[in-house]
Amino acid sequence: MKVKDNEIVRRFHAAPEAIRLAVLCGPNATRCQALANELAAPLAQSAERIDLTIADLTESAARLNDEATSASLFGDKRFIMVRLNSGEAVRAAAAIENLLESETKGDPVFIVAAGMADKTALAKKIAAAPDALIATCYETSQSDAVSAISGMARDEGVRMSRDTAAAIAALTSNDLVLARLEVEKIALYLDAAPDNPKEAEAELLNLLGAENDEEDLGLLINAAVSGDTRKLTSELAAVSTTGFSEVGLIRLMLRHLNKLAELRAKVDQGSNIGKLVNHPSVFWKDRDNYARQLNIWSSAHIGRLIERILVLEIALKSSGQPEHVLVEQELLTIARKAAHLR
């Protein structure tokens, strides 16, 4: 069944036993992954998670259905998470079709297929299945983002001008996942609530560090993803006095990792790293960083990295720890992992 992206989570949670497959596709990779995390959230508390990649699905067309119908060693509930990079969905078609045609209904499967269009033969087959859901996540327009952010602010008890909402939209590149985090941060700072509304002045964005030098944030990101723990520690010390926007860093990190995933998928298909990074689509200042990182991270690892950054949204809202501490800890964890993989 084809549903809207803002309906798929509600539809699945309303009748989880009736749905064997939920697919998020379309150009907005960040929203695809965020919705997949929301779909799996109730299960993630107690169920066993199984992660599969394109390599698993192409090795055997039966693998996906086998995992979905296999019993856990201890009889616990399980769920399967699959992340397909741009262009990989067509190679996974046989495995997905095999799952849909199976007479045995097993544990739920969530697939993030960012980049796959909803007009493909595979997407149409998923939409036609009565026990499957598919939603397309489009890039959000400026006007839609401003309207959505204004609505988020009202829900949080924040009175916000359209200009301020537009500034948040620009800050987050119209990414509603990140925009919500920014609005909630403002509400927390103002101690606002629906029954205790507060006014958000335009200057508040500057006060909370919403405007930042992207080049400085890029230094942090590249040091972490390249596994340069010494440089990362130095850069964190350099920004410790002025601070940095956690939301801004997440936005840039996701943009960087999605580009890295796109390049890594081409490497997996046989492309030369040197030629890839020297293509005009790669900003010249980033070429050495991408070349270094493509030699460190596999597609599967990049997929998990993107998930970890998105999970920061939850941690920032619920842990009670200072936001910069959580982000710095995550950057250091990533750097150590990269150093180990080198």
Side-chain angles (χ1 to χ4, degrees), residues 1-12 21-41 54 81-90 92 96 110-120 122-124 126-127 132-152 165-166 168-184 214 221 247-266 281 299 302-314 316:
M1 181 186 304
K2 185 176 180 180
V3 297
K4 293 182 179 179
D5 61 339
N6 59 0
E7 296 177 348
I8 190 168
V9 173
R10 177 179 57 80
R11 289 288 192 99
F12 175 77
L21 173 66
V23 178
L24 288 309
C25 66
N28 194 331
T30 304
R31 181 154 176 77
C32 285
Q33 187 63 64
L35 288 175
N37 290 343
E38 286 188 44
L39 285 167
I54 186 62
M81 183 71 75
V82 183
R83 189 179 191 281
L84 302 175
N85 294 319
S86 180
E88 292 181 346
V90 65
I96 296 171
F110 306 116
I111 298 180
V112 175
M116 183 180 81
D118 59 3
K119 299 296 190 294
T120 63
L122 176 60
K124 290 178 180 178
I126 295 169
L133 297 173
I134 183 169
T136 305
C137 299
Y138 296 103
E139 298 291 355
T140 309
S141 69
Q142 172 77 5
S143 59
D144 286 346
V146 171
S147 297
I149 291 167
S150 297
M152 294 175 196
I168 294 174
L171 164 72
T172 58
S173 298
N174 302 332
D175 187 321
L176 298 183
V177 175
L178 299 180
R180 181 176 296 280
L181 180 58
E182 186 68 15
V183 170
E184 290 175 349
E214 290 194 2
I221 291 167
V247 172
L249 186 137
I250 288 173
R251 171 173 58 91
L252 289 177
M253 177 74 100
L254 288 172
R255 183 194 304 169
H256 182 87
L257 292 177
N258 279 310
K259 182 64 176 180
L260 187 64
E262 175 189 326
L263 295 173
R264 182 69 242 185
K266 293 178 180 178
S281 65
S299 288
I302 296 169
R304 293 308 300 269
L305 263 185
I306 291 172
E307 273 195 66
R308 287 184 69 97
I309 299 304
L310 288 168
V311 166
L312 269 179
E313 176 195 7
I314 299 173
L316 291 174

Would you compute the distance between atom [atom1] of [X] and atom [atom2] of [Y] and round it to the nearest 0.5 angstrom?
X	Y	atom1	atom2	value
I302	E262	CD1	CD	11.0 Å
L39	I111	CG	CD1	12.0 Å
L257	I221	CG	CD1	8.0 Å
E88	S299	CD	OG	5.5 Å
S147	Q142	OG	CD	10.0 Å

Just so I know, are the side chains of [X] and [Y] near enough to count as touching, which here means a heavy-atom distance under 4.5 Å?
X	Y	value
R180	E184	yes
M253	I306	no
L21	I96	yes
R11	M1	yes
L305	I309	no

Identify the two heavy atoms, one from [X] and one from [Y], that lie closest to each other, and give their separation to 0.1 Å.
X	Y	result
K119	K124	O-CE, 3.3 Å
L133	F12	CD1-N, 3.9 Å
A117	A123	O-CB, 3.6 Å
D118	K2	OD2-NZ, 3.0 Å
C25	M116	CB-O, 3.3 Å
V23	I8	O-CD1, 4.0 Å

**OP:** Using side-chain contact (heavy atoms from CB on, under 4.5 Å) as the criterion, list what pairs up with A165, not counting sequence neighbours.
**Re:** V146, I149, S150, M160
Side chains of [X] and [Y]: do they bring a donor and an acceptor to under 3.5 Å?
X	Y	value
Y138	D144	no
Q33	N37	yes
T140	N174	no

Subject >> Within residues 29-40 or reaching into it, pairs that qualify as salt bridge (Lys or Arg N to Asp or Glu O under 4.0 Å) - sequence neighbours excluded >> reply: D5-R31
**OP:** Could you please spell out the steps behind the side-chain contact (heavy atoms from CB on, under 4.5 Å) verdict for L84 and V112?
**Re:** CA-CA 6 Å; L84 302 175; V112 175; over 6 Å; no
